[in-house]
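The next block holds one structure in the form of structure tokens; read it before the comments.
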Amino acid sequence: MFRPARGPGRACAAVVPLVLLLGVAGFVLNPAIYGRVFAIAADAPTLAGATTVSAFQLGISIVPPSPVPP
């Protein structure tokens, strides 16, 4: 059974800003990564785009789902 070490209020106070920061970082970094990949692989833009999207999808599918406390 999942039991947090601290009260739920303190955990939420830390988790909410961190999740928000992670979302902003992912939103901001994606175009930069795409731009860099397309600049490096200017001769094969289709392959570069497919590889980048595949890498992101692989990363999303590898992350296990979070356990839901009862």
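Since this is a predicted model, take the numbers as computed values, not measurements.
- Side-chain contacts under 4.5 Å among hydrophobic residues (ILVMFWY), followed directly or transitively, place Val24 together with Val28.
- Checked against side-chain contact (heavy atoms from CB on, under 4.5 Å), Leu58 has the following partners two or more places apart in sequence or in another chain: Ser61, Ile62.
- For the ring-ring contact (aromatic ring centres under 6.0 Å, His included) condition, the pairs that include at least one residue of residues 17-46, sequence neighbours left out, are Tyr34-Phe56.
- Considering every non-hydrogen atom in both Leu47 and Thr51, the closest pair reads O-OG1, 2.7 Å.
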